[in-house]
Structures are given as structure tokens and as C-alpha cells.
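Written below as C-alpha cells is the structure these notes are about.
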Amino acid sequence: MRLLLSTLLLALGAGAGTAAQAQNCGSGGGATVCVTANGTANNIQLNWTVSGAVKSLEVYRDTDSNPTGRSRIAIVDKASTSYGDGSANTGTPYWYWIKFTTASGSYNSGSATATRGSSCTPTAVTPYINLGGTWTQTASASVPSGQSAILGPQPISGGMWSWNGCGTVGASREQTITPTAACTATATYTNACGAKTLQSFTIAVAGAMRNITSMQMSKEMSPGWNIGNTLDATPTETSWGQPLINQALMNGIKNAGFKSIRLPVTWTPHVDANDNIDPIWMARVTQVVKYARNAGLYVVLNLHHEGGWLNNTTYAAQPANNARLTKLWTQIANNFKDYDDYLLFAAMNEIGKENTVWGAPKDPEWLNVQNGYNQAFVNAVRATGGNNAKRHLVAQAYETNIDISYASAVLPTDTIANRLFFEIHYYDPYNFTINDKSNQWQWGASATDPNRETWANEPYVDAEFQKMKTRFIDQGVPVLVGEYGAYNKPNYPGMPPYRKAWAQYVTRSAWLHGLVPMWWDTGEMIDRNTGSVKTPDEISIIVNATK
């Protein structure tokens, strides 16, 4: 008897919880169900144990301990062992039973009672970031490379903090971070009654902006290469027969000896009715820019093939066109505002009045409107701040024409000195370089065909580039030959030597006069999938002409 009593006391001492559950047990039909109830701020939590075989379980509730008049609130799976009553009113005591059915009939657990506690409301958190000694109420910031920022959300006192992301550690409310790449830090604030609030901080890392002029930068960019007929293609990147741009292509361009790329992009096929750029398209352009930067290339990013609306160069259309140009460039600039100065923005491409004869006299109105586009572009980019306050920008001439540039171009007013390039294109003589229907296949001093065009031979090339040197470069404004090129005609197998002569002379003359030559390519010389050089002799001619 002493042994039995000692064993019973030991069992009660070791299993007090079980003893408490035993007060809420009910048996029948060879089964026993024991239930407990606990009130929380969000519900009343029921937990039970089942011994023996049961066929079904039901949850009943009442506002007193008398089972008469109780209500069934749930039918649960016979394997269940818990249920949360979220419909219970705060502050009201409730009694619960688990009704169970066996092969012999229906039975009940004992009753368990609990009260749902007062509701615990999460505390509002206000984000603050200290950058450069100044606190700003914000949840996002761009931190200059190598610098630190302090994340300091409020409330200042009460509750507990925990952090993750951006290298944050510990439970201090204020966290000092020195990010090396874009990251997100999340603070979790737990108030006195246990409710949690999450606050995220989005951190970007701004690339370094060197203290160099555009003229100094231009000395590092020759020769350049256009990735044509790709991101400027419509309606999709591959619509004009080129594959998706990849990292291998960028590496191949760099390895071939090129130092910069011009990335033509057509944006308006990828906007909604309010000119909001599709985030998927923006992300794709961003990915391609990153490919180029990974390869160590300068990138000139532009608006390309937007002539359907920008080519309406009239005073009547100017306000609407300026507004649209501003909206597009504001979005693009904001997306890239943290990129370093190896990324340049170029305003537009070959804008000129629709349905006019090439080379015919230009109405001063058209020239003034196009000059105004350049100013709207500069204003939009600079207004976005960040690295864009110092970014090197590229203005264009009307039709990118050298003679119009020399006579009529007006540089936009800028908020920072020496951060502007000017851009022209060169495809003279047209019938030799890009008119595939022309029979002109010889060029230069070595040409013998009596039908050849002679107006754009070597002296003409030098004279044209000298105009740009005098008008811009000698005044401290570098010039991009944003596009140039000559292309073989299959019907004239003797053309390649003359095409090479043209490429060598034009590239060399541009470089000697201080311009940055950027060859227009659509996959002819460099394999777009692998980045391998397809025409090494022609590539070497262009690259060596800038040494």
C-alpha cells in the first residue's frame, strides 16, 4: 500500500498537466477524449487527445457549463487534435465539448472553458534613414559606394526590434549598414501585447561618378559598336531576325577591341495608354545594360525609332511631344539613377520632319523644335537627381546631319558643366554605303569605275569631321559618330576591298579629329549568339584605326 501511494503521488507530481486535462475528459464506447481550452488575443484555442477508436469528431460551444442548448460550431476530421475558435467574442467566457462517435454510439468529452483576450493591435512603424548626417522619413535610399547609412525606424521606445538583411545584426532599433550591393533590410517590431509589425528598407548602391569631363571620357570610348535591330526592333527584340542579347555577345564585343556600345532601344511599343513603361521591358533593358557593364564596356542608351511622333517637329506638336519625351526619360533615368558614369543617355535618334526630301532646305521651325527636344531631355534627366545630376548626356543634331549641326545646332543649357556630348551619323556616300539598290560599289582614290560617285571621297570625309572639331570639340564638347558603316552588295563581289578602305579611312579620320566612331552592326561581323568574331580582317581594320 505504501508503494501504491508513492507511485500515485509521483505520477501526479510529474504529470500535473495531464491531471488538469483529466478534469475535461469524457469516455464512452471504448474511447476517451480529453480537451483543454486557452484564450488568446486572436481566438480560443482547443486541444484534445483521443484514446480508442472514434468514427467522427464535432466541436460544441455554449456560454455556460450546462450542455443543454449548446451549439455545434465545427465538424473536424477524426484525426484532428486542435481547433481555433476565431468567432468567439473578446471578453466572453465560453464552454466547449468535443462530441465523439464510436461504433457503440455518441459521447462527450468533459467541458473546458476559456475567454478570448483583448485584441492586440500592431503598432504603426515609421521608417527613417540617416544618410550623410541627415535623417529623412523614407523607406528607401541610394547609398554611395563605400559609404554607410543608419536605419532608424520609430517608435523610439517600447517594444522589441529584430532585423535581417543588408548585414543588419542584433536587436537595436538603429542599424548602421555599409552595403556593397542593392539589398533589403527588414525590421520586425513586437509591441508590448505581442503584435508584430514588419518594415522593409530598400537600399540601392550608387556607382561611383568620376570627376571627369565629357571630353576626357570621350578619349576612353573609341572604337564603339552598335547592337542594331534588336532592342530597337518591333514588336519584340527578335522580330528583325536577331537573337536575344546575351553576356557572350558583350564579352565578344569587348574582346574584339571595342570600348563602348551604343544600345538603341525603342520604348513606345512597350508603354500603356499613359506612357508608363512596361516593367518587364524595363527589366530586360536593365539586364542588357548589366551585360555590357559586366564586360567593361561604356554604354550609350537612347530612344530609337520614335519618329512616328517625334518627327512631327512643329510648334503645334511641340508641347505634347516634349511632355511625352519628358515622361519617358524620367522613367528611364529613375531606373538607372544609381548606375555609374559608364552609362550615358542619348536623347533620341535621327529626328526630322516627316515626308520631307532628304537634303532639302529645312524650315527654322523644325530645327527649333528639335533643339527643344534636347533641352526637354536634359531637364528631365537632371530632375531625377542621384547620379543623373552628373551623368554624361548626348544631344543630337536635326537628322544627325553634320552640315545642319555645324550651322544650326543649339546645345541645351545644363545644370553642370562639361557633361554633354553631341552626336552625328555618317553614311556618305549613301549610294555606296547603304543603298542596296544602287550600282555604286567602288569608293575612294583607288576606285576605277567611271560611274562611281566622287563627291564623298577622302578629302570630303576629312572636311566633314573637321567641321565637327571646329564647331564642338574645340569648344570642349566631344562628338559621337553614333552610327556609321558601309555594307557589301552580293551582286558586286568586287566591293569588299573598297568597303574595307572606306571603313579604315572614315574610322581613322573620325578618331584623328577627336570624334568617337561607333559602327552600326546587325550581326554581320560578330556572332550574336556566341560573341565570336566572324570577319576578323574587317574588325581589325576598325579597331586598329583608333590606335
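All values derive from a computational prediction rather than experimental measurement.
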Look at the side chain of N457 and the backbone N and O of P459, then say whether any donor-acceptor pair between them is shorter than 3.5 Å.
no

Is a side-chain donor-acceptor pair under 3.5 Å present for S222 with T546?
no

Are I227 and M250 side-chain neighbours, meaning at least one heavy-atom pair lies under 4.5 Å?
yes

If you look only at pairs with a residue in residues 243-266, which of them pass as a ring-ring contact (aromatic ring centres under 6.0 Å, His included), with sequence neighbours excluded?
W225-F258

Show the numbers, then the answer: is there a salt bridge (charged side-chain N to carboxylate O under 4.0 Å, His left out) between D341 and R210?
CA-CA 7 Å; D341 55 10; R210 296 165 296 173; 3.1 Å; yes

Give a yes/no verdict on a cation-pi contact between R499 and W443, requiring under 6.0 Å between NZ or CZ and the six-membered ring centre and an angle within 45° of the axis.
no

Give a yes or no answer on whether the side chain of T266 reaches the backbone of H304 with a donor-acceptor pair at less than 3.5 Å.
yes

Is it true that E306 and N349 share a donor-acceptor pair across their side chains at a distance under 3.5 Å?
no

Within the distance-only criterion (no hydrogens, no angle test), does the side chain of S540 pair as donor or acceptor with the backbone N or O of P536 below 3.5 angstrom?
yes

Between W281 and V271, is there a side-chain heavy-atom distance shorter than 4.5 Å?
no

Going by atom types only, do E220 and Y298 share a side-chain donor-acceptor pair under 3.5 Å?
yes

Would you say the side chain of Y406 lies within less than 4.5 Å of the side chain of D403, judging by non-hydrogen atoms?
no

Closest non-hydrogen atom pair, R382 against N388
NH1-O, 2.7 Å

Between Y484 and W519, is the gap from one ring center to the other below 6.0 Å?
yes

Does the salt bridge (charged side-chain N to carboxylate O under 4.0 Å, His left out) test come out yes or no for K353 and E365, once each step is laid out?
CA-CA 10 Å; K353 185 71 172 67; E365 176 181 356; over 6 Å; no

CD1 (I203) and CG (D338) are apart, to the nearest 0.5 Å, by 10.5 Å

Side chain to side chain donor-acceptor pair (under 3.5 Å) between R528 and T230, worked out
CA-CA 10 Å; R528 290 293 185 89; T230 311; 2.8 Å; yes

Drop me the distance from E354's CD to T314's OG1, to the nearest 0.5 angstrom.
11.5 Å

Strictly under 6.0 Å, is that where the ring centroids of Y426 and F465 end up?
yes

Could you check whether Y492 and N439, counting side-chain N and O atoms only, form a donor-acceptor pair closer than 3.5 Å?
no

Partners of S140 by side chain to side chain donor-acceptor pair (under 3.5 Å), sequence neighbours excluded?
none

In terms of side-chain heavy atoms, does D232 have a donor or acceptor partner in H305 at a distance below 3.5 Å?
yes

A side-chain contact here means heavy atoms from C-beta on lying under 4.5 Å apart; do E453 and F432 qualify?
no

Side chains of S214 and N418: is there a donor and an acceptor less than 3.5 Å apart?
no

I would like to know whether Y315 and N368 meet side chain to side chain donor-acceptor pair (under 3.5 Å); could you show each step before the answer?
CA-CA 9 Å; Y315 291 138; N368 291 339; 2.9 Å; yes

Check ring-ring contact (aromatic ring centres under 6.0 Å, His included) between Y460 and all other residues, then give those that pass, not counting sequence neighbours.
W455

Supply the atom-to-atom distance T234 OG1 to N229 CG, rounded to the nearest 0.5 angstrom.
10.0 Å

So, do V481 and V516 sit near enough that their side-chain heavy atoms are less than 4.5 Å apart?
no

Any side-chain heavy atom of I424 sitting closer than 4.5 Å to one from N401?
no

Distance-minimising heavy-atom pair for T330 and A380
OG1-CB, 3.9 Å

So do Q370 and Q396 actually touch side chain to side chain, heavy atoms under 4.5 Å?
yes

Any non-hydrogen side-chain atom of Q137 less than 4.5 Å from a side-chain atom of I129?
no

Mind checking the CD1-CZ spacing from I245 to R284? Nearest 0.5 Å is all I need.
6.0 Å

Is the backbone N or O of V381 less than 3.5 Å from a side-chain atom of T384, with the two atoms forming a donor-acceptor pair by type?
yes

Run the side chain to side chain donor-acceptor pair (under 3.5 Å) check on T470 and Q466 step by step: do they pass?
CA-CA 6 Å; T470 301; Q466 180 60 43; 3.1 Å; yes

Pair K500-D537, salt bridge (charged side-chain N to carboxylate O under 4.0 Å, His left out): steps then yes or no
CA-CA 9 Å; K500 292 176 184 178; D537 54 339; 2.4 Å; yes

So S532 and D527, side chain to side chain donor-acceptor pair (under 3.5 Å) or not? Walk me through it.
CA-CA 5 Å; S532 61; D527 189 291; 4.6 Å; no

With sequence neighbours excluded, tell me which residues meet side chain to side chain donor-acceptor pair (under 3.5 Å) with D340.
R293

What closest approach, in Å, do S509 and D462 show between heavy atoms, and which atom pair accounts for it?
OG-OD1, 2.6 Å

Checking Y398 side chain against N371 main chain: does a donor-acceptor pair fall under 3.5 Å?
no

Is there a donor-acceptor contact under 3.5 Å from the side chain of N226 to the main chain of G228?
no

Exam field: side chain K362 to backbone I404, donor-acceptor pair closer than 3.5 Å
no

Would you indicate whether K534, at its atom NZ, is surrounded by more than 12 heavy atoms from other residues, nucleotides or ligands within a distance under 6.0 Å?
yes

Aromatic contact, F336 with Y339 (centres under 6.0 Å):
yes

Verdict with supporting geometry, N529 and L249, side-chain contact (heavy atoms from CB on, under 4.5 Å)
CA-CA 6 Å; N529 289 301; L249 173 61; over 6 Å; no

Rounded at 0.5 Å granularity, tell me how far CD in Q442 sits from CG in D449.
5.0 Å

Listed partners of Q375 passing side chain to side chain donor-acceptor pair (under 3.5 Å), at least two apart:
N379

Hey, could you give me each pair passing side-chain hydrogen bond (donor to acceptor under 3.5 Å, both in side chains) that has a residue in residues 252-261? Not counting sequence neighbours.
none

Has R471 got its NZ or CZ under 6.0 Å from the middle of the six-membered ring of F422, at an angle within 45 degrees of the ring axis?
no

Ionic contact status for D275 with R324, cut-off 4.0 Å
yes

Mind checking the CD-OG1 spacing from E399 to T313? Nearest 0.5 Å is all I need.
9.0 Å

